[in-house]
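Worth saying up front: this structure is predicted, and the values here are computed from it rather than measured. Chain letters run A, B, ... following the sequence lines, proteins first, then strands; residues in each count from 1.
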Amino acid sequence: MSAQKPSVPKGTRDFSPIEMARRNYIFDTIRDVFCRYGYQPIETPAMENLSTLLGKYGDEGDRLLFKILNSGKYLDKIDGKALAEKDQTGITRLISDKGLRFDLTVPFARYVVQHRNDISFPFKRYQIQPVWRADRPQKGRYREFFQCDVDVIGSDSLLNEVELIQIIDDVFTKLEINAVVKLNNRKILAGIAEVIGEAENFGHITVAIDKLDKIGIEKVNEEMLAKGVSRDAIDKLQPILTLEGKLKEKFPKLLEILKDSPTGLEGCKETMTVMRHLKDLGINAKFELDLTLARGLDYYTGAIIEVKATNMAMGSICGGGRYDDLTGVFGLEGISGVGISFGADRIYDVLLEQDRFPDAYHASSKVMFVNFGDEEVKYCLPVINRLRKAGINTELYPDAAKMKKQLVWANNKGIPFIVMAGTEEIKNKKFMLKDMNKGEQEQLTEEELIKKLKRLSQ
RNA sequence: GUGGAUGUAGCUCAGUUGGUUAGAGCGCUAGAUUGUGGUUCUAGAGGUCGCCGGUUCAAAUCCGGUCUUCCACCCCA
């Protein structure tokens, strides 16, 4: 038997203890903030029916869905004609009816519709789970990654938008990441498309102007022209794209531009209301109106939110927006929701690159007892038990191995304290406590040992 | 899905125009030190050169395919 080289699928990763400690630091921080604002956790299955997922993320999203092959004799359903014509979409529908979830928002909408009778609206939920995308991996882009979603569903109030941005601010303040929150509104974008006379090209226009800071205005114009946007409309768009200045100056200009579009004016008003609240609250993060912020997901209808870490060549670390009709496709009309999603894996990469992980987080147990043999173990075990009951993370090395091996092991594991109890200590009813960082050691009674370690565990 | 780069010891990387026994540092194991780790010294183990095939007397080295990782596009957390 030839040994196969072990590996994990492309774009997926193992997480070792040190990585888990850091990841849990992120999850714990985010979860704490979510709870502080009264959001409640739910979980949904890794897989959903394809009918739930398809058509919610645009064509690109459908392509990136991982599909799960049906069980049983799935080939029986396929006729030779479809195979001969290589009708991939048609065949896929026949052999796969489940897929891995692509995000947490669509499964949440499904959940809300399904459990509508048990939910009292507005419903505030959070959800921290992995999602999967069949994308080609790159820096900060994985095929399996964790999203931390918070959503309010069943409330139109703009206070929800404000609250979500407060949550963003709290999370990144706690994680010590300098973040800038970019805001826009689909209604503003729709209004712009309307006033330049290209309402039907809304999609093409937003996709193109989304790339403005990346490829420049020339290429954006080229792309729009190629997609069938008229020269005249592109000319009209230029002053809007290059709108500069402070918010105070931007909004009056925008209101003037959008004066013939009720939708656009409404989006503008909404964004102004949200920003006014934010200004009054005085949040730490910078926030700005970014008219080029579009976001590809099809279901957004109102506010669009995106967060980037400053000074980092990385995609957004948090994103979201308002969706008015998402539950409608599952048969529950008139329920509007708004939510955001923190990308835990990208936040991890930012924290690692900026060296912002607290050291204390990777510690395992506080103290390890050296194993000298049966007699000594018998002496130590009850004390170890009492240390644990006192809330001190304690472990005993399982084998009576050489002292050196046991100390190296403790050292590698980052255990800060060692207890040695051999014949001498047993005779005196004492314990030798060694501080691994300072190299100092002292003999203590059990009572003193517990007291000291308890103090050091704070 | 499109285009480009990459892969040598557990890790980071050398390796000449194709040539005989593929190296270094770190890590690992043992000893110096039988109850003291993280420093030092000494010794040792560890590689079908990503995988499959081709060219050649001869391939880590050249060619083709494939997979991985990375970069750009697309899109996105």
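Under the 4.0 Å criterion applied to side-chain N and carboxylate O atoms, A:Lys98 and A:Glu48 are not assigned as salt-bridge partners. Using a cutoff of 4.0 Å between basic side-chain nitrogens and carboxylate oxygens, A:Glu442 and A:Lys452 are scored as salt-bridged.
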Using atom names, set out every protein N or O paired with an N or O of nucleotides 26-29 of chain B below 3.5 Å, distance rounded to 0.1 Å.
none

Under 3.5 Å between N/O atoms: give me all the protein pairs with nucleotides 33-35 of chain B, atom names plus distance.
unit_1, atom_1, unit_2, atom_2, d
B:G35, O6, A:Glu425, OE1, 3.1
B:G35, N1, A:Glu425, OE1, 3.0
B:G35, N1, A:Glu425, OE2, 3.2
B:G35, N2, A:Glu425, OE2, 3.3

Write out a two-atom table: protein N or O, nucleotide N or O from nucleotides 42-45 of chain B, distance below 3.5 Å.
none

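Distance CZ (A:Arg143) to C1' (B:C75): 14 Å, rounded to an integer number of Å.
Side chain of A:Arg141, nearest nucleotide from B:G1, B:A30, B:A77: B:A77. Relative to the side chain of A:Val207, the nucleotides B:A77, B:C75, B:C71 differ in distance, and B:C75 lies closest. Counting only heavy atoms from C-beta on, A:Leu407 has its side chain closest to B:G37 among B:A77, B:G37, B:C75.
Checking the phosphate oxygens (OP1, OP2) of B:G37, no side-chain nitrogen or oxygen of A:Gln406 falls inside 4.0 Å. OP1 and OP2 of B:U36 both lie 4.0 Å or more from every side-chain N or O belonging to A:Lys402.
No hydrogens or angles were tested; on distance alone, a donor-acceptor pair under 3.5 Å links the side chain of A:Arg136 to the base of B:U2. Between the side chain of A:Asn411 and the base of B:G38 there is no donor-acceptor pair of N/O atoms closer than 3.5 Å.
Paired regions of RNA chain B, where each region holds three or more successive Watson-Crick or G-U pairs whose two hydrogen-bonding distances fall under 3.5 Å, are B:1-5 with B:69-73, B:10-13 with B:23-26, B:28-32 with B:40-44, B:50-54 with B:62-66.
Rounded to whole Å, the P atom of B:U69 lies 26 Å from the corresponding atom of B:A60.
In this structure A:Phe27 satisfies the ring-ring contact (aromatic ring centres under 6.0 Å, His included) test together with A:Phe146, sequence neighbours excluded. Annotation: side chain to side chain donor-acceptor pair (under 3.5 Å) contacts of A:Asp355 (sequence neighbours excluded): none.
Ring-base stacking between A:Phe145 and B:A77 is satisfied, the centre separation being under 5.5 Å and the plane angle under 30°.
Side-chain contact of A:Asn284 with A:Thr173: a donor-acceptor pair under 3.5 Å is present, judged by distance alone.
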Verdict with reasoning, A:Phe34 to A:Tyr126, per ring-ring contact (aromatic ring centres under 6.0 Å, His included) = CA-CA 7 Å; A:Phe34 289 172; A:Tyr126 75 85; 5.5 Å; yes
